[in-house]
Q: 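Take this structure, written in structure tokens, and hold onto it; I'll ask about it next.
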Amino acid sequence: MTGYDDRLAGVRRALVVGLGASGLAATRALVGAGVEVTVTDDRPDHPATARAAELGARFTSDPVGVISGGEVDLVVPSPGVPERSPVLRAASAAGIPVWSEPELAIRCHPRRLVGITGTNGKTSVTELVTAILTEAGFEAHACGNIGPPVCDVAAASTPTAVLVAELSSFQLRFVERLRPEVGVVLNLSADHLDWHADMAAYAAAKARLFVAQRGDDWAVTNAGDPATAQVASSAPGRRAAFWHAGDVDVGVGVVDGVLTARLPSHDGPVVDLAALADDRRPPPHHVANVAAAVCAGLLVGADA
């Protein structure tokens, strides 16, 4: 556990809200880091409650009371817990940090990271990037909103692995140090407004994909969706774009029916669009997904 205290900013006691897959993964990571963990769920008789107890966590049916009583110094909510919920309002009022499970994962197990977000296409692009990097010889793992929690995947990977994380707005809302060397915003349209206060809050959550990036990292946006560029407008690093309908200055676009890269590592054709579908031209959204995945793969270091 050496080094965990610094990464966890001195956290000694934590509250995990929700015992789905991400909540249990967060509980495992925290217990493994020597943190005293309290868990809560609106299903106290659910089998996951017993599994959390086996890990060494205690259960509470009064999470707001635990927070107001000063019994925790970190809250890790499951993605389905909205910001306006009583437990997160109590944490905010008490000045207690709130981290999503991916934020916790990267603090416990720093890894190279590709972060993929957007309203549509996240899972497809996450799978494509993982396949590209695996074929290129990287140890690459898909995780996050796609299924396997980031905590579990990071813990099981080697320090040189690349995590390809599908990240929802729920997860991104509560990140601080999560730093993707390549962050991709696929598209942006009104969604999850039952969780976010409004469209501006939804976009602001997506923008947190870039909050911890550095100058040598990459923000990749959709040249056909100006809203994605707005989301990445404060990103401190380098910019690239993908587009299904034409060439781009920096990134991956289409030239004469061929997916073409304009990147420092490769400037030229990558694959003919005819290879992407049988007996027909691939639909625009499919081309866009492949262009985004190729851009991310090349930026990480895959060969064209």
Q: So for atom CZ, which belongs to R43, do other residues, nucleotides or ligands contribute more than 12 heavy atoms lying within a distance under 6.0 Å?
A: yes

Q: Looking only at non-hydrogen atoms, find the nearest pair between V72 and V66 and report the distance.
A: CG1-CG1, 3.7 Å

Q: Would you sort out whether R262 and D247 count as a salt bridge (Lys or Arg N to Asp or Glu O under 4.0 Å), showing the intermediate values?
A: CA-CA 9 Å; R262 308 295 187 197; D247 202 1; 3.0 Å; yes

Q: Which heavy atom of T126 sits nearest a heavy atom of E166, and at what distance?
A: OG1-CB, 3.4 Å

Q: What are the two closest heavy atoms between E176 and R107, and how far apart are they?
A: OE1-NH2, 3.2 Å

Q: Within a reach of under 6.0 Å around CG of D303, are more than 12 heavy atoms found that belong to other residues, nucleotides or ligands?
A: no

Q: Grouping I, L, V, M, F, W and Y whenever their side-chain heavy atoms are under 4.5 Å apart, do L172 and L163 come out in a common cluster?
A: yes

Q: So, applying side chain to side chain contact (heavy atoms under 4.5 Å, CB included) with S100, which one of L167, V81, V175 is it?
A: V175

Q: Pick from T134, T130, I146: which one makes a side chain to side chain contact (heavy atoms under 4.5 Å, CB included) with V164?
A: T130

Q: With sequence neighbours excluded, tell me which residues meet side-chain contact (heavy atoms from CB on, under 4.5 Å) with A293.
A: V125, L128, V129, I132

Q: Just wondering, do V39 and T60 contact through their side chains at under 4.5 Å, heavy atoms?
A: no

Q: Determine the minimum heavy-atom distance between L8 and W99, stating which atoms define it.
A: O-CH2, 3.5 Å

Q: Would you check, one step at a time, whether the test salt bridge (Lys or Arg N to Asp or Glu O under 4.0 Å) holds for D217 with R179?
A: CA-CA 9 Å; D217 296 324; R179 177 198 162 205; 2.8 Å; yes

Q: Taking the side chain as C-beta and beyond, is there a heavy-atom pair between T221 and V231 under 4.5 Å?
A: no

Q: So, do H266 and V270 sit near enough that their side-chain heavy atoms are less than 4.5 Å apart?
A: yes

Q: Does a donor on one side chain and an acceptor on the other come within less than 3.5 Å for E139 and S157?
A: no

Q: For the residue pair T117 and K206, confirm or rule out a side-chain donor-acceptor distance under 3.5 Å.
A: yes

Q: Which heavy atom of A240 sits nearest a heavy atom of L263, and at what distance?
A: CB-CD2, 4.4 Å

Q: Would you say E36 has more than 12 foreign heavy atoms packed within less than 6.0 Å of its CD?
A: no

Q: Taking CD in E135 as the centre, count heavy atoms belonging to other residues, nucleotides or ligands within less than 6.0 Å. Is the count above 12?
A: no

Q: Quick test of your reading of the model: are E181 and R112 salt-bridged, counting only N-O distances below 4.0 Å?
A: yes

Q: Step by step, would you call D73 with R12 a salt bridge (Lys or Arg N to Asp or Glu O under 4.0 Å)?
A: CA-CA 7 Å; D73 41 34; R12 292 290 179 268; over 6 Å; no

Q: Taking salt bridge (charged side-chain N to carboxylate O under 4.0 Å, His left out) as the definition, give me every residue that meets it alongside R111, ordered by chain and number, with sequence neighbours left out.
A: none

Q: Report, as yes or no, whether the 6.0 Å neighbourhood of atom CG on D216 holds more than 12 heavy atoms from other residues, nucleotides or ligands.
A: yes

Q: So R177 and E103, salt bridge (Lys or Arg N to Asp or Glu O under 4.0 Å) or not? Walk me through it.
A: CA-CA 7 Å; R177 295 188 188 175; E103 170 77 9; 5.5 Å; no

Q: Looking at side-chain heavy atoms only, is the closest gap between P180 and L209 below 4.5 Å?
A: yes

Q: Which atom pair, heavy atoms only, marks the closest approach of P149 to A25?
A: CB-CB, 3.5 Å

